[in-house]
*Asks:* 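First the structure, which I've put down as structure tokens, then a few questions once you've had a look.
Residues take their numbers from the sequence shown, with the count starting at 1.
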Amino acid sequence: MADKPTDAGTGRSTALTVARVRGIVSRVLWVICLTLALVLAAAAFSFALDANDKNELVQLVRDLANAFDLGYFDLDEPVKEFQDPNSEVKTALFNYGIAAVVYLIVGRFLERVIRP
């Protein structure tokens, strides 16, 4: 027993620390992606429910959604634009919904890759 090096336990504790850090990072990334998806969903529902545009909370949610729509799903140049009487609602639901799904898929993928 006297032949064992004194730092034999550091390899296990280092691996455990790395695993914990990876677990925390993966959960943080998942929560960030989930939060962004929820912001996009809330903005889409604000269009669907015909929320008051002058309300500061509605404006904040729509501004955040516009900032996090990945540039491809924005309402100025949408992926798909509808031409019906409810075109603004349908366009917002479709484009922000797709962006929210993309955030959820990417977030879950990153969480699975990073998590030990």
*Asks:* Hey, does the side chain of R27 reach the backbone of G23 with a donor-acceptor pair shorter than 3.5 angstrom?
*Replies:*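 Yes, because the side chain of R27 sits within donor-acceptor range (under 3.5 Å) of the backbone of G23.
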
*Asks:* Out of curiosity, does I32 fall in the hydrophobic cluster containing L110 (side-chain heavy atoms, cut-off under 4.5 Å, transitive links)?
*Replies:*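 Cluster IDs for L110 and I32 match.
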
*Asks:* For a side chain to side chain contact (heavy atoms under 4.5 Å, CB included) check, start with the C-alpha distance between D74 and N66, then their side-chain angles and the critical distance, and finish with the verdict.
*Replies:* CA-CA 6 Å; D74 61 350; N66 192 30; 4.1 Å; yes

*Asks:* Quick one: does NZ or CZ of R62 land under 6.0 Å from the six-membered ring centre of Y96, within 45 degrees of the ring axis?
*Replies:*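 Judged by the rule (NZ or CZ under 6.0 Å from the ring centre, within 45° of its axis), R62 is not positioned above Y96.
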
*Asks:* Can you check side chain to side chain contact (heavy atoms under 4.5 Å, CB included) on Y72 and V102, steps first, answer last?
*Replies:* CA-CA 11 Å; Y72 297 107; V102 167; over 6 Å; no

*Asks:* CG of D53 to CZ of F47: how many Å apart, nearest 0.5 Å?
*Replies:*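 Rounded to the nearest 0.5 Å, the CG-CZ separation comes out at 7.0 Å.
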
*Asks:* Please round to the nearest 0.5 Å and tell me the distance separating atom CG of L29 and atom CD1 of I24.
*Replies:*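 Between atom CG of L29 and atom CD1 of I24 there are 12.0 Å.
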
*Asks:* So V79 and I98, do their side chains get closer than 4.5 Å, heavy atoms only?
*Replies:*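 Not in contact.
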
*Asks:* Can you hop from L38 to F94 via hydrophobic side chains spaced under 4.5 Å?
*Replies:*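 Different clusters: L38 never reaches F94 through Ile, Leu, Val, Met, Phe, Trp or Tyr contacts under 4.5 Å.
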
*Asks:* Would you say that more than 12 heavy atoms from the other residues, nucleotides or ligands in this model lie under 6.0 Å from the CZ of F82, or not?
*Replies:*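 More than 12 heavy atoms, drawn from other residues, nucleotides or ligands, come within 6.0 Å of this atom.
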
*Asks:* What's the spacing between R22 CZ and E111 CD if we round to 0.5 Å?
*Replies:*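 R22 atom CZ to E111 atom CD measures 12.0 Å (nearest 0.5 Å).
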
*Asks:* Mind checking whether L93 and L40 sit in one hydrophobic cluster, side chains of I, L, V, M, F, W, Y counted as touching below 4.5 Å?
*Replies:*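 No, L93 does not connect to L40 through the hydrophobic network.
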
*Asks:* To the nearest 0.5 Å, tell me how far Q83 CD sits from T91 OG1.
*Replies:*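 So the gap between those two atoms works out to 7.5 Å.
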
*Asks:* I need the minimum non-hydrogen distance between G107 and C33, along with the two atoms involved.
*Replies:*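 Heavy-atom minimum between the residues: CA-SG, 3.5 Å.
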
*Asks:* Nearest 0.5 Å please: distance from the CG atom of D69 over to the CG atom of N95.
*Replies:*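 Rounded to the nearest 0.5 Å, the CG-CG separation comes to 8.5 Å.
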
*Asks:* Residues sharing I105's hydrophobic cluster, by side-chain heavy-atom contacts under 4.5 Å among ILVMFWY, directly or via others?
*Replies:*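 Under the 4.5 Å side-chain rule, I105 groups with V101.
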
*Asks:* Between the main-chain N or O of N86 and the side-chain N or O of D84, is there a donor-acceptor pair closer than 3.5 Å?
*Replies:*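 Answer holds: no.
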
*Asks:* Under 4.5 Å between side-chain heavy atoms, hopping through other hydrophobics if needed: is there a path connecting W30 to F68?
*Replies:*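 No.
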
*Asks:* May I ask whether L70 and V39 are part of the same hydrophobic cluster, defined by side-chain heavy atoms of I, L, V, M, F, W, Y residues being less than 4.5 angstrom apart, directly or through others?
*Replies:*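 Same cluster: L70 reaches V39 through Ile, Leu, Val, Met, Phe, Trp or Tyr contacts under 4.5 Å.
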
